[in-house]
Colleague: 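Structure in structure tokens, see below.
Given the structure is predicted, the values throughout are model-derived calculations rather than measurements. Residue numbers start from 1 in every chain, and the chains themselves are labelled A, B, ... in the order their sequence lines are given, proteins ahead of strands.
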2 protein chains.
Amino acid sequence: MNARDEKEKMTVKNYKKYYIEIDCAIFNLQEDGLKVLVVKDIDDLGVTHWRLAHDWLKKDKTILETASGILKRCIGENSSYLEQVKAFGFTSSYSIKEDISIGYYALVRIISNDLEKHIAEGHTKWIGINETSCLNDKDTVILNYCIQEIRDSICKTAIGFNLLPEKFTLAQIIHLYKEILGIDIDKSNFRRKILATGLLSDLYEKEENVSHRAARFYKLSLQHQEILLNKELNFHF
Amino acid sequence: MNARDEKEKMTVKNYKKYYIEIDCAIFNLQEDGLKVLVVKDIDDLGVTHWRLAHDWLKKDKTILETASGILKRCIGENSSYLEQVKAFGFTSSYSIKEDISIGYYALVRIISNDLEKHIAEGHTKWIGINETSCLNDKDTVILNYCIQEIRDSICKTAIGFNLLPEKFTLAQIIHLYKEILGIDIDKSNFRRKILATGLLSDLYEKEENVSHRAARFYKLSLQHQEILLNKELNFHF
DNA sequence: TCAAAAGTGTTATGATTACACCCATGA
DNA sequence: TCATGGGTGTAATCATAACACTTTTGA
């Protein structure tokens with residue numbers, strides 16, 4: 001098929017144009033586990049639904065810009081990690097065509113005032129990644145795919161640190177891996193592994209006002225752009 | 001944003017409809033390395049271009065059906081492995097909008113008569129994965145992404161066997177891993193690893209008419225659907 | 001001085017690597 | 001009997017897991 005044929009075919013009725021949705025699973029690590037942001041959606045019948053953050057592709061905006069826009073709208077400007085997972089196709093009862101949605105996930109650490117306001121007003125909430133019964137099938141599929149991607153990635157790259165503050169203790173890293181992978185982690189062995197990567201810089205600072213031995217603070221010894229590319233990790237759980 | 005708002009917005013001009021292209025990198029393992037199928041495309045000026053196999057989404061066809069259709073059209077009916085990698089957005093000089101393409105890769109072993117005819121007629125050819133200068137930037141991006149996905153996947157799952165015949169020798173498996181990963185593999189150590197997985201059944205058959213010790217034939221001890229799900233491999237190269 | 005969590009050390013086990021070596025086959 | 005590649009064995013090294021132990025802190 002040559003370019004001319006292609007152009008002809010594009011004008012033929014059997015090729016279809018699509019609205020493309022971007023669905024973004026926005027994750028935040030909290031004391032009691034990994035959370036995902038859901039936004040309130042009230043349908044024509046007045047019934048409340050909770051959905052992943054989403055938008056549709058606009059003219060003059062790229063896929064990535066649209067995903068960034070969703071993230072910015074929900075949690076404000078910050079240095080979150082944003083990654084596409086794949087395109088999903090969902091058949092619906094409304095149309096013969098599949099609904100096309102491109103799935104993204106974001107790992108965020110900073111919670112903005114705007115977000116806190118939206119949560120206070122009930123427009124938005126964090127739900128545990130295992131308490132997703134409020135979501136529809138489509139969002140559940142996308143969410144679970146994102147979680148699996150994150151599980152794979154945090155064992156190979158340093159992206160998980162996007163869920164931690166700039167300075168953190170080893171216990172916080174262990175919490176991160178434990179909550180995301182859903183497994184128990186041996187403190188001693190994990191410490192050896194993570195320190196052996198050379199990924200961490202000791203800040204020679206300690207926790208204060210804790211009623212037990214104070215933990216050291218570390219920071220990532222990578223620049224932000226390096227975190228994305230870093231493939232130094234090789235954890236096998 | 002509720003469902004009513006969404007519907008209103010869908011009709012507003014700043015949301016855009018897209019033709020969605022599916023690009024499929026079809027791989028075949030040959031004596032001299034991993035090959036990808038490219039198809040000839042002659043533009044309005046009569047200039048020849050080589051492209052990955054592709055099509056656009058049609059009405060009444062899902063993304064997956066469209067990708068399967070591309071594969072069937074190129075190599076005929078068979079039990080190839082087909083997997084989506086992600087959605088790509090490419091800015092072009094023809095349009096303000098991004099061109100949206102969903103990338104797939106296929107691992108094929110059987111070459112059909114139709115394909116041989118197309119190759120003979122010059123409509124199609126196999127190129128080495130490191131000899132991609134004939135491809136445009138867009139196809140190069142998609143191809144390289146697919147190759148990286150395959151490299152990651154063959155160390156974790158049995159999908160690589162989709163590139164081998166139903167029965168194969170250990171040397172063929174080593175060839176597969178060597179060509180895809182681009183590294184040398186120690187025969188003895190690899191043999192131990194792959195046999196330890198329990199993935200292979202000894203067929204108690206041997207090569208014939210070879211001028212050296214005849215190699216044993218093995219087959220995968222998994223059913224086809226299990227291959228997709230199998231996460232037993234854990235190779236660290 | 002106690003509880004609690006940080007942090008260290010030790011040992012057994014298993015995986016990986018780098019080889020040397022033997023075996024079967026057709027020419 | 002030779003060249004070629006299939007197939008086996010082994011010892012050193014490295015990574016992992018399990019768990020006991022010591023240290024620091026506020027109460």
Colleague: Could you give the NE2-to-C1' distance, from A/His175 to C/dA6, as a whole number of Å?
Modeller: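 It works out to 17 Å between those atoms.
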Colleague: Can you find a heavy atom in the side chain of A/Leu71 that is under 4.5 Å from one in the side chain of A/Ser80?
Modeller: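 With C-beta onward as the side chain, the pair touches.
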Colleague: Closest heavy-atom contact between A/Ile70 and A/Cys24?
Modeller: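 Closest approach of A/Ile70 to A/Cys24, heavy atoms only: CG2-CB, 4.1 Å.
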Colleague: How far apart are the C-alpha atoms of B/Cys146 and B/Phe27, what are their side-chain angles, what is the distance that settles it, and do they pass the side-chain contact (heavy atoms from CB on, under 4.5 Å) test?
Modeller: CA-CA 10 Å; B/Cys146 290; B/Phe27 293 95; 4.1 Å; yes
Colleague: Hey, is A/Lys86 close enough to B/Glu83 for a salt bridge, meaning N to O under 4.0 Å?
Modeller: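 No, this pair does not count.
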Colleague: Hey, where on DNA chain D does chain A first and last touch, going 5' to 3'? Cut-off is any atom under 4.0 Å from a heavy atom.
Modeller: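 The contact span of chain A on DNA chain D goes from D/dT16 to D/dG26.
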Colleague: What nucleic acid atoms does B/Arg216 come within less than 4.0 Å of, heavy atoms only: base, sugar-phosphate, or nothing?
Modeller: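 The answer is sugar-phosphate, as B/Arg216 gets under 4.0 Å only of primed atoms, P, OP1 or OP2.
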Colleague: To the nearest 0.5 Å, what is the distance between CG on A/Leu163 and CD on A/Gln30?
Modeller: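 If I round to the nearest 0.5 Å, the distance is 10.5 Å.
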Colleague: Do B/Glu77 and B/Lys72 sit within salt-bridge range, that is, some charged N less than 4.0 Å from a carboxylate O?
Modeller: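 A salt bridge is present here (some side-chain N lies under 4.0 Å from a carboxylate O).
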Colleague: Run the numbers on B/Ile142 and B/Phe90 for side-chain contact (heavy atoms from CB on, under 4.5 Å), then give the verdict.
Modeller: CA-CA 11 Å; B/Ile142 295 171; B/Phe90 298 97; 4.0 Å; yes
Colleague: Keeping the roles fixed (side chain from A/Gln172, backbone from A/Thr169), state whether a donor-acceptor pair exists under 3.5 Å.
Modeller: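 Judged by distance alone, yes, a pair lies under 3.5 Å.
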Colleague: Encode nucleotides 17-27 of chain C as B, S and - characters from 5' to 3', where the letter depends on protein heavy atoms closer than 4.0 Å: B to the base, S only to sugar-phosphate, - to neither.
Modeller: BBB---BBBS-
